[in-house]
Amino acid sequence: MWSEISALSGMFLAAFLAATPIPMQSELAFIALAASGWSITALVIVASLGNILGSCVTYAAGRGLGGLGLWRWFRLPPEKMARAETWFARWGRWSLLLSWLPGGDLLVLLAGTLRMPLLPFIALITLAKTGRYVALAMATNAAL
């Protein structure tokens, strides 16, 4: 029982960290656990939850950057900030469906910084992150 908890906790932690700016790959842990006979369904659920929660932390960091005064080092002129806000209003929301790709954490951080509403953010991140692990599960099952 403890080995089950520790393996799934490790999967959760790897997926959580992979959704933050910390360099981490959760795919290797997922594939290794699947190859060891772990339930693919359990792995998809645990990895998705970890990755979604990690994205929420990154989103919250983006929202908090302004309040902490950290944007003074990353300040954009008002016209460039307005252009970024316009772009994000048009495409940014849907770009979160690509947040599982390398560099996707920057999209998540930007969503927080530009104060994207939380519920649409969570819905899009859930689709993207769960879809990632479902695709990985299908590829892993085909390879095993």
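The shown structure was predicted, so the numbers you read here are calculated from the model rather than taken from an experiment.
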Quick one: which residue pairs count as a salt bridge (charged side-chain N to carboxylate O under 4.0 Å, His left out) with a foot in [range], not counting sequence neighbours?
range          : result
residues 34-48 : none
residues 28-53 : none
residues 5-21  : none
residues 32-57 : none

From [X] atom [atom1] to [Y] atom [atom2], the distance as rounded to the nearest 0.5 Å:
X    : Y   : atom1 : atom2 : value
L13  : L8  : CG    : CG    : 12.5 Å
L124 : R93 : CG    : CZ    : 7.0 Å
L17  : M24 : CG    : CE    : 5.5 Å

Heavy-atom pair with the smallest gap, counting every atom of A18 and N51: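 Looking at all heavy atoms of both residues, the shortest contact is CB-ND2, 4.0 Å.
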So, using side chain to side chain contact (heavy atoms under 4.5 Å, CB included) as the criterion, who are the partners of [X] when residues are at least two apart?
X    : result
S36  : W38
P21  : T58
T86  : none
V134 : V44, T130, M138

S95 side chain reached by W87 side chain, heavy atoms, under 4.5 Å: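 They are in side-chain contact.
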Sub-4.5 Å side-chain heavy-atom contact between F16 and L49: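 No, their side chains stay 4.5 Å or more apart.
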Which side-chain N or O atoms in residues 25-33 pair as donor and acceptor under 3.5 Å with protein atoms at least two apart or in another chain?
{"from": "S26", "atom 1": "OG", "to": "Y133", "atom 2": "OH", "distance (Å)": "2.5"}
{"from": "E27", "atom 1": "OE2", "to": "R132", "atom 2": "NE", "distance (Å)": "3.3"}
{"from": "E27", "atom 1": "OE2", "to": "R132", "atom 2": "NH2", "distance (Å)": "2.3"}

Under 3.5 Å, side-chain donor or acceptor atoms of residues 96-110 against the rest of the protein: list the pairs with distances, not counting sequence neighbours.
{"from": "S99", "atom 1": "OG", "to": "L96", "atom 2": "O", "distance (Å)": "2.7"}
{"from": "W100", "atom 1": "NE1", "to": "L97", "atom 2": "O", "distance (Å)": "3.3"}

Sequence neighbours excluded, every pair satisfying ring pair (Phe, Tyr, Trp, His ring centres under 6.0 Å) that has a member inside residues 103-130: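 Output for this query lists Y59-F121.
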